[in-house]
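Everything numeric here is computed off the predicted structure, so don't read it as measured data.
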Amino acid sequence: MKRKILALMMIIVALCFVGCNDKAGDNTPTVSSTLSLSAYSLEIEKGDTANLFAGYNGKETISFKVGEDSDAGVIEIVVKDNSAKISALKSGKAWIDVSVDGHNKTCFVEVIESDYTIKLNRESFGGEVLVGAMHEVRALIYKDGVEVEDEVSWEVSGPDFAKTVDGNIIIVTVKAEGLYKVTAKYSNKAVVEYTFNAINGN
């Protein structure tokens, strides 16, 4: 009886050994193709741009399309390689459908429109300034009534001048008589102009 039990156990062990060897001999790799996005939800301000990147471990071309359920004219996309540059045209909601080789992903985009203003330390017309004087203008940026820690860009026009810019401060040194205009811009979101007249003190 003991011999029969021992023989039966040896047969079971042998079968298990053969089964293990069969599995070890199967070296076929498992191929896994996945599509991923750098973002699945984006909030962009009107006038700004953003980039959406897609990752895929195959060689097929990735497709980017504005979804049919998107609000009309909200965004515009330009596709290059495996990315899309998104331009926010007006407030609203949009979806970008990304697909490749049967894989599909979607990125939701909301375009918001904020109220930006620039306030100067001077009135729109600064009156008269003597030739040779250094005229200082300061700017503050506000978004929906709250001050923003950012910088404007400056432009100056007039007969003859020199300028020094330090962030949101510009100093204009007037060298000749005439009308001068100082313009402060914040991207394409806000602009304000300031003019003054330069005269000789003699």
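Under the 4.5 Å side-chain heavy-atom criterion for grouping Ile, Leu, Val, Met, Phe, Trp and Tyr, Val191 is not connected to Val156 through any hydrophobic cluster. Cluster membership for Ile112 and Val148, using ILVMFWY side-chain heavy atoms within less than 4.5 angstrom, is not shared. Under the 4.5 Å side-chain contact rule for hydrophobic residues, Leu89 and Ile96 do not share a cluster. Residue Met134 is not grouped with residue Val131 when hydrophobic side chains (ILVMFWY) are merged at heavy-atom distances under 4.5 angstrom, including chains of intermediate members. The cluster map of Ile, Leu, Val, Met, Phe, Trp and Tyr, joined by side-chain heavy atoms under 4.5 Å apart, puts Ile169 and Val152 in different clusters.
A search for side-chain hydrogen bond (donor to acceptor under 3.5 Å, both in side chains) contacts involving Tyr186 returns Asp150, not counting sequence neighbours. For Lys181, the salt bridge (Lys or Arg N to Asp or Glu O under 4.0 Å) test picks out Glu193, with sequence neighbours left out. Looking at residues two or more places apart in sequence or on another chain, you find a side chain to side chain contact (heavy atoms under 4.5 Å, CB included) between Tyr40 and Ser36, Leu37, Lys105. Every residue two or more places apart in sequence or in another chain that forms a side-chain hydrogen bond (donor to acceptor under 3.5 Å, both in side chains) with Glu136 is listed here: Arg138. Phe64 is linked by a ring pair (Phe, Tyr, Trp, His ring centres under 6.0 Å) to nothing, counting only residues two or more places apart in sequence or in another chain. Residues forming a side chain to side chain contact (heavy atoms under 4.5 Å, CB included) with Ser99 (at least two apart in sequence, or on another chain): Ser63, Asn104. For Ala88, the side chain to side chain contact (heavy atoms under 4.5 Å, CB included) partners are Ile44, Val111, not counting sequence neighbours. Looking at residues two or more places apart in sequence or on another chain, you find no side chain to side chain contact (heavy atoms under 4.5 Å, CB included) involving Val78.
Taking the six-membered ring where the residue is Trp, His135 and Phe196 present tilted rings, their angle falling between 30° and 60°.
The distance from atom CG of Asn51 to atom CD1 of Ile77, rounded to the nearest 0.5 Å, is 12.0 Å. To the nearest 0.5 Å, the span separating CD1 on Ile86 from CD1 on Ile75 amounts to 5.5 Å. Summarising the geometry, atom CG belonging to Asp101 is positioned 10.0 Å from atom CG belonging to Leu35; distances are rounded to the nearest 0.5 Å. With values rounded to the nearest 0.5 angstrom, Glu128 atom CD is found 11.5 Å from Asn200 atom CG. Between atom CG of residue Leu179 and atom CG of residue Asn197 there is a gap of 6.0 Å, rounded to the nearest 0.5 Å. The distance from the CZ atom of Arg122 to the OG1 atom of Thr195 is 12.0 Å, given to the nearest 0.5 Å.
For residues 44-55, every residue pair satisfying the salt bridge (charged side-chain N to carboxylate O under 4.0 Å, His left out) rule, not counting sequence neighbours, is listed here: Glu45-Lys143, Lys46-Glu113, Asp48-Lys189. Among pairs with a residue in residues 71-91, none fulfils salt bridge (charged side-chain N to carboxylate O under 4.0 Å, His left out), at least two apart in sequence or across chains.
Between the Asp144 side chain and the Asp115 main chain, a donor and an acceptor come within less than 3.5 Å of each other. Without hydrogens or angle criteria, Tyr180 side chain to Asp160 main chain gives a donor-acceptor distance under 3.5 Å.
Cluster partners of Phe108 are Trp95, counting Ile, Leu, Val, Met, Phe, Trp and Tyr whose side-chain heavy atoms approach within less than 4.5 Å, directly or via other members. Hydrophobic clustering, defined by side-chain heavy atoms of Ile, Leu, Val, Met, Phe, Trp and Tyr closer than 4.5 Å, groups Ile199 together with Leu130.
Residue Ala190 comes nearest to Ile118 through the heavy atom pair O-CD1, 3.6 Å, listed as atom of the first residue, atom of the second, then distance. For Glu177 against Pro159, the heavy-atom pair with the smallest separation is O-CG, 3.2 Å. Looking at every heavy atom in both residues, Ser87 comes nearest to Thr49 through OG-CG2, 3.8 Å. The shortest heavy-atom contact between Gly67 and Ser70 is O-OG, 2.9 Å.
Contact check for Val109 versus Leu52: no side-chain heavy atoms found under the 4.5 Å cut-off. Looking only at side-chain heavy atoms (C-beta outward), Trp154 and Lys163 stay at 4.5 Å or farther from each other. For the pair Thr164 and Asp166, the minimum side-chain heavy-atom distance is 4.5 Å or more. Using a 4.5 Å heavy-atom threshold, the side chains of Cys107 and Leu42 count as touching. Inter-residue side-chain proximity for Val137 and Asn121 is flagged as met; some heavy-atom pair is nearer than 4.5 Å.
Heavy atoms from other residues, nucleotides or ligands lying under 6.0 Å from CD of Glu147 number more than 12.
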